[in-house]
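One structure is given below, encoded as structure tokens.
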2 protein chains.
Amino acid sequence: LGKKVLIVYAHQEPRSFNGCLKKVAVETLSKQGCTVTVSDLYAMDFEPRATRNDITGALSNPEVFSYGVEAYEACKKRCLTSDIVDEQKKVQEADLVIFQFPLYWFSVPAILKGWMDRVLCQGFAFDLPGFYDSGFLKGKLALLSITTGGTAEMYTKTGVSGDFKYFLWPLQHGTLHFCGFKVLAPQISFAPETASEEERKQMMASWAQRLETIWKEVPIPCTPPWYFGQ
Amino acid sequence: LGKKVLIVYAHQEPRSFNGCLKKVAVETLSKQGCTVTVSDLYAMDFEPRATRNDITGALSNPEVFSYGVEAYEACKKRCLTSDIVDEQKKVQEADLVIFQFPLYWFSVPAILKGWMDRVLCQGFAFDLPGFYDSGFLKGKLALLSITTGGTAEMYTKTGVSGDFKYFLWPLQHGTLHFCGFKVLAPQISFAPETASEEERKQMMASWAQRLETIWKEVPIPCTPPWYFGQ
């Protein structure tokens, strides 16, 4: 009730299965009275490259360019380019950030990786110290909603691609947990392209149904020994 | 002797530690008589976004755009955009591909993720079936040369960031092994920014020294149960 949700959405085609999952999330959460904002990265032609252009005005070291150092300084001096600041404001206001994307190479598409590289900079999302449980985005929730090409069987411990938890590690622990987010269980829609129409409807319905009670969910543990079952 | 090496390099600053590691690799391998090609992604302003622009001419399904489907068709019909084809030719000719980059969020920078997303398309790097050990790039070697912000202690099994093998999984298994590459042990230069000048020189020297005998190395096993020590 009155919660704010940001959906960071990375698919080129509104009529895709990803597009439908995004639409269902907007509708279901809005009906609950949530305020939902969508960052439609391809429609925005979002810039993925981390370059000098991200810093407006003078560099702190013009001789040898270090993106991390300059972005940190620019963040403190409010000299980051406006497309980054706009996204940071959306994150800042959100209680929950949902990432909706197709799995590309066991990870996010480059356009979404660029969002992570550029938006979640030092000074905004974390500091050193000030990461993992003390990351600056603590108190917020994050959830990865992913479609895959491979089937659920491929993504098991003994399957050819290994447990899906393995490929989630850099995203859930290395990125989201690092910034202080509490991570909700991932929503993985396996192989919608080879599924039947009935199966796709089922995947869509289970996402909508889950979102009805999303605020009652308990975050998953996200630390190394648990994570790999060791 | 007469071997061909492609270095895919993703750093904004030639005078950076990454730039130096790249330079040392070019020099050391050239001296051995190798032909070395560098794809300097930031200098090329390489496009990371996977979009409709990657396909020249008509789409096979203009109603609902699927990047994977269209890139596959365009690859077969030789209708991929020239920046992709140029990179594919470099990969095709290489015996060894070295990726030189700073770790961004437990992974590659977005510009390099975009290289993977766009260059390693179905029809070129793999097919279904035709992946993992039968990926189309079988017979080639790949090596990740990475610099980190965090220290070596952080990237251990009981460290805050977990074993570095965990974050390498999506890259070494999910991407390189999927395409058929045999993967050489990663070269990880931990925390060069906080290291002393002496330590940096040492990291540089050990990379140069390793490259002297790189062709004698045996690839690492890259399958799920071994990988996570289970």
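In what follows, chains carry the letters A, B, and so on, assigned in the order in which the sequence lines appear, proteins first and then strands, with residues in each chain numbered from 1.
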- Test side-chain contact (heavy atoms from CB on, under 4.5 Å) on A:L80 and A:T56 and set out the steps. CA-CA 6 Å; A:L80 285 170; A:T56 63; over 6 Å; no
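A donor-acceptor contact under 3.5 angstrom links the side chains of B:Q100 and B:S145, judged on distance only.
Heavy atoms of B:F65 lying under 4.5 Å from chain A belong to its backbone as well as its side chain. If you measure heavy-atom distances from A:F131 to chain B, the contacts under 4.5 Å come from the side chain alone. Of the two parts of A:Y155, neither the backbone nor the side chain holds a non-hydrogen atom closer than 4.5 Å to a non-hydrogen atom of chain B. Looking at A:L120, both its backbone and its side chain come within 4.5 Å of chain B, counting heavy atoms on both sides. With a 4.5 angstrom heavy-atom cutoff, A:Y104 touches chain B via backbone and side-chain atoms both.
When the candidates A:L128, A:V108, A:L171 are compared by the number of heavy-atom contacts under 4.5 Å with chain B, A:V108 comes out ahead. Ranking A:S16, A:A50, A:G19, A:S107 against chain B, the residue ahead of the rest is A:A50, based on heavy-atom pairs under 4.5 Å. For the set A:W115, A:W105, A:F106, A:Y132, the entry with the most heavy-atom pairs within less than 4.5 Å of chain B is A:W105. Among A:R52, A:H11, A:E63, the residue with the largest count of heavy-atom pairs under 4.5 Å with chain B is A:E63.
Annotation: cation-pi pair B:R118/B:F46 present, NZ/CZ under 6.0 Å from the ring centroid and within 45° of its normal. In this structure, A:K138 fails the cation-pi test against A:F136, since its NZ or CZ atom is not both closer than 6.0 Å to the six-membered ring centre and inside 45 degrees of the ring normal.
For A:T51 against A:I55, the heavy-atom pair with the smallest separation is O-CD1, 4.2 Å. Across all their heavy atoms, B:P102 and B:A10 have their closest contact at CD-O, 3.2 Å.
Salt-bridge annotation for A:D54 and A:R49: absent, with no side-chain N of the basic residue lying under 4.0 Å from a carboxylate O of the acidic one. Comment: A:K113 engages A:D117 in a salt bridge, judged by a side-chain N to carboxylate O separation of less than 4.0 angstrom. Looking at A:E197 and A:K201, no side-chain N of the basic residue comes within less than 4.0 Å of a carboxylate O on the acidic one, giving no salt bridge.
How far CZ of A:F99 is from OG of A:S39: 9.5 Å, rounded to the nearest 0.5 Å.
Against chain B, the residues from residues 175-196 of chain A that qualify, each with a non-hydrogen atom under 4.5 angstrom away, are A:T175, A:F178, A:C179, A:E193 in number order.
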